[in-house]
Amino acid sequence: MSHFLHTLLFGIYPYLAGTIFLIGSLLRFDHGQYTWKAGSSQMLSSRRMRLASNLFHIGILVIFFGHLVGLLTPHWVYAPFMSAGTKQVIAILVGGIAGIMCLIGGAMLAYRRLTNARVKASSSFMDTAIILLLVIQVTLGLLTIIPALNHLDGGVMLALAHWAQAIVFFQGGAADHLIGIGLIYKLHILVGLTIVLLFPFTRLVHVWSAPLGYLTRRYQIVRRRA
């Protein structure tokens, strides 16, 4: 891979994906609020829907927050009480379990969307594309465990964290941190960035509307009819 292409994919593409993610989400909320929904198809077919949905959502939430904390927390924060190698082993164990849950649930949802006639008829192209992309992404994530087991010193994990922090905090030379990183890691990053880029054009926008207000609202008293 040439240096220019490497910089384009891992130094410029992340900002392109992030810009479309933010501006696209804002424009869709402003101009297309009737499309701002999860688009649940449970009423069309509920068979094994609860199991698949729970496995997928629990797995993907653990993966998301694990990546968020693991990649964006500077090494000096956890260095006094945890080595990079120990952190990598924890990431492999927790991420592996969550990844398997997400993969099973996602594969069940994708199969249902592709084979159930009623669900398929009510699905858009992007509905199918995004669930397949998510399944591919979590598969790539699980495949990264194989090379990770061969270098438990945490060196690659630190390189990935330095890249993510350089991107998020607008530091120069972010792509240089990924020079020499294995192809499977780079594919995992690129598919993830593509999901971020497509986010505003899919049902994933409902993530912005997570009903956190329900956690702090007052109880509602419902009385029975006399």
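Heavy-atom basis, side chains included; hydrogens, waters and symmetry copies ignored. Predicted model only: the values in this text are computed from it and were never measured.
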Are the side chain of [X] and the backbone of [Y] linked by a donor-acceptor contact shorter than 3.5 Å?
{"X": "Thr115", "Y": "Tyr111", "value": "yes"}
{"X": "Asp30", "Y": "Leu27", "value": "no"}
{"X": "Ser122", "Y": "Val119", "value": "yes"}
{"X": "Gln88", "Y": "His151", "value": "yes"}

Co-membership, hydrophobic cluster, residues [X] and [Y], 4.5 Å side-chain:
{"X": "Val94", "Y": "Leu158", "result": "yes"}
{"X": "Ile23", "Y": "Leu204", "result": "no"}
{"X": "Leu5", "Y": "Tyr13", "result": "yes"}
{"X": "Leu187", "Y": "Leu8", "result": "yes"}
{"X": "Leu16", "Y": "Leu22", "result": "yes"}

TODO: Might you work through the side chain to side chain contact (heavy atoms under 4.5 Å, CB included) test for Phe199 and Val207, ending with a clear yes or no?
DONE: CA-CA 10 Å; Phe199 179 96; Val207 172; 4.3 Å; yes
Please report the interatomic distance [atom1]([X]) to [atom2]([Y]), rounded to the nearest 0.5 Å.
{"X": "Leu133", "Y": "Leu140", "atom1": "CG", "atom2": "CG", "answer": "10.0 Å"}
{"X": "Lys186", "Y": "Thr144", "atom1": "NZ", "atom2": "OG1", "answer": "15.0 Å"}
{"X": "Leu183", "Y": "Leu190", "atom1": "CG", "atom2": "CG", "answer": "9.0 Å"}
{"X": "Asp176", "Y": "His6", "atom1": "CG", "atom2": "NE2", "answer": "6.5 Å"}
{"X": "Ile136", "Y": "Leu143", "atom1": "CD1", "atom2": "CG", "answer": "11.5 Å"}
{"X": "Ile195", "Y": "Thr202", "atom1": "CD1", "atom2": "OG1", "answer": "9.5 Å"}

If you take all heavy atoms of [X] and [Y], which pair is closest and at what distance?
{"X": "Ala110", "Y": "Val135", "value": "CB-CG2, 4.5 Å"}
{"X": "Gly24", "Y": "Pro200", "value": "C-CB, 3.4 Å"}
{"X": "Gly96", "Y": "Ile145", "value": "CA-CD1, 3.8 Å"}
{"X": "Pro74", "Y": "Leu72", "value": "CD-O, 3.3 Å"}
{"X": "Ala161", "Y": "Gly70", "value": "CB-O, 4.4 Å"}
{"X": "Ala175", "Y": "Gly11", "value": "CB-N, 4.0 Å"}

Task: Qualifying residues under ring-ring contact (aromatic ring centres under 6.0 Å, His included), relative to His177, sequence neighbours excluded - done: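 For His177 the ring-ring contact (aromatic ring centres under 6.0 Å, His included) partners, ignoring immediate neighbours, are His162.
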Task: Residues in ring-ring contact (aromatic ring centres under 6.0 Å, His included) contact with Phe65, at least two apart in sequence or another chain - done: none
Open item on the list: Just checking Trp163 against Phe169, ring centres under 6.0 Å apart?
Closed with: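 Judged by ring-centre distance (under 6.0 Å), Trp163 and Phe169 do not meet the cut-off.
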Task: Ring centroid separation His67 to Phe64 under 6.0 Å - done: no
When you compare the side chain of [Y] with that of [X], does any pair of heavy atoms fall below 4.5 Å?
{"X": "Tyr185", "Y": "Leu178", "result": "no"}
{"X": "Ser83", "Y": "Tyr78", "result": "no"}
{"X": "Ile184", "Y": "Ile146", "result": "no"}
{"X": "Val205", "Y": "Phe29", "result": "no"}
{"X": "Leu132", "Y": "Leu114", "result": "yes"}
{"X": "Met49", "Y": "Leu109", "result": "yes"}
{"X": "Ile63", "Y": "Val138", "result": "yes"}
{"X": "Cys102", "Y": "Leu55", "result": "no"}

Task: Working for side chain to side chain contact (heavy atoms under 4.5 Å, CB included), residues Gln165 and Leu71 - done: CA-CA 7 Å; Gln165 291 166 32; Leu71 291 175; over 6 Å; no
Open item on the list: Could you check whether Arg113 and Thr128, counting side-chain N and O atoms only, form a donor-acceptor pair closer than 3.5 Å?
Closed with: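 Not at all, the side chains of Thr128 and Arg113 share no donor-acceptor pair under 3.5 Å.
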- [ ] Begin with the C-alpha distance, continue with both residues' side-chain angles, and end with the deciding distance and a verdict on side chain to side chain contact (heavy atoms under 4.5 Å, CB included) for Ile92 and Leu152.
- [x] CA-CA 10 Å; Ile92 290 173; Leu152 294 176; 4.0 Å; yes
- [ ] Start with the C-alpha distance between Met82 and Ile90, add both sets of side-chain angles, then the distance that settles side chain to side chain contact (heavy atoms under 4.5 Å, CB included), and finish with yes or no.
- [x] CA-CA 11 Å; Met82 184 188 302; Ile90 293 174; 4.0 Å; yes
Task: Option from Trp208, Tyr15, Phe201 for which ring-ring contact (aromatic ring centres under 6.0 Å, His included) with Phe21 holds - done: Trp208
